[in-house]
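Each residue takes its place number in the sequence, starting with 1. Hydrogens, waters and symmetry mates play no part in the numbers below; they use all other heavy atoms, side chains included.
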Amino acid sequence: MTYAINAKSFANKDASITIKETSIQFGTTPQSNDTLASPADLFLSAFAACILKNVQRFSVLMKFEYAYADITVNAIRLEKPPRMDHIDYQLTVYTNDQNLNSALLKKNIEKFGTIYNTVKLSCTINGTVTTKT
């Protein structure tokens, strides 16, 4: 499986990424620090999207139903060299389904997530998976 995106940045302006039929603006200038996503925000967004995609995927394989899932991701960035050092995530699955095994869902997410497995090679990850009705 292969992937392709296109990104453009103009001098002294912000940038955008085109992915299939989606366009995402992101900040590259000091003026957009408080208004547009940064590259680090996009990185963490890809991590979160991977986990949420796997919730959907494993809802079919593990045979559970859910209304929605919500994830919060926090990260610690080192300065020298600049890199993500630690990521924490809290995934909440809103469901009335008693068939959902949260521990098994977490194990599957962490074993089969493409972005998750790529990221864990370079930094530590801690996460929790909980359910709410």
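Residues Ile109 and Lys106 are not in side-chain contact: their nearest non-hydrogen atoms beyond the backbone lie 4.5 Å or more apart. No side-chain heavy atom of Ser122 sits under 4.5 Å from any side-chain heavy atom of Met84. You'll find the side chain of Lys120 stays beyond 4.5 Å of the side chain of Ile87, heavy atoms only.
Taking OH of Tyr116 as the start and CG of Leu121 as the end, the distance is 11.0 Å to the nearest 0.5 Å. Atom-to-atom distance recorded for Leu78:CG and Arg83:CZ is 5.0 Å, nearest 0.5 angstrom.
Side-chain heavy atoms closer than 4.5 Å link hydrophobic residues (I, L, V, M, F, W, Y) into clusters, and following such links, even through other members, never connects Ile125 to Leu42. One hydrophobic cluster, built from ILVMFWY side chains closer than 4.5 Å, holds both Phe112 and Tyr89. Residue Phe58 is grouped with residue Ile115 when hydrophobic side chains (ILVMFWY) are merged at heavy-atom distances under 4.5 angstrom, including chains of intermediate members. Both Leu91 and Leu104 belong to a common hydrophobic cluster when Ile, Leu, Val, Met, Phe, Trp and Tyr are linked at side-chain heavy-atom distances under 4.5 angstrom. Leu105 and Val73 fall within a single hydrophobic cluster, where Ile, Leu, Val, Met, Phe, Trp and Tyr side chains are chained together by heavy-atom contacts under 4.5 Å.
More than 12 heavy atoms of other shown residues, nucleotides or ligands fall within 6.0 angstrom of atom CG in Asn33. Within 6.0 Å of the CD atom in Gln25, the count of heavy atoms belonging to other residues, nucleotides or ligands does not exceed 12.
By the ring pair (Phe, Tyr, Trp, His ring centres under 6.0 Å) test, Phe43 pairs with no residue at all, sequence neighbours left out. Applying the side chain to side chain donor-acceptor pair (under 3.5 Å) criterion to Asn96, with sequence neighbours excluded, gives no partner residue. Contacts of Asn101 classified as side chain to side chain donor-acceptor pair (under 3.5 Å), with partners at least two apart in sequence or in another chain: none.
In terms of heavy-atom proximity, Thr35 sits nearest to Gln31 at OG1-O, 4.3 Å.
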Give every donor-acceptor pair under 3.5 Å between a side-chain atom in residues 60-71 and any protein atom, sequence neighbours left out.
residue, atom, partner, partner atom, Å
Tyr66, OH, Gln56, OE1, 2.9

Give the table of side-chain donor-acceptor pairs shorter than 3.5 Å for residues 10-17, with sequence neighbours excluded, one pair per line with atom names and distance.
residue, atom, partner, partner atom, Å
Asp14, OD1, Thr28, N, 2.9
Asp14, OD1, Thr29, N, 3.3
Asp14, OD1, Thr29, OG1, 3.1
Asp14, OD1, Ser32, OG, 2.7

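Side-chain atoms of Asn117 come within 3.5 Å of backbone atoms of Lys111 as a donor-acceptor pair (strictly under, hydrogens ignored).
Residues in residues 15-38 take part in no ring-ring contact (aromatic ring centres under 6.0 Å, His included) pair, two or more places apart or across chains.
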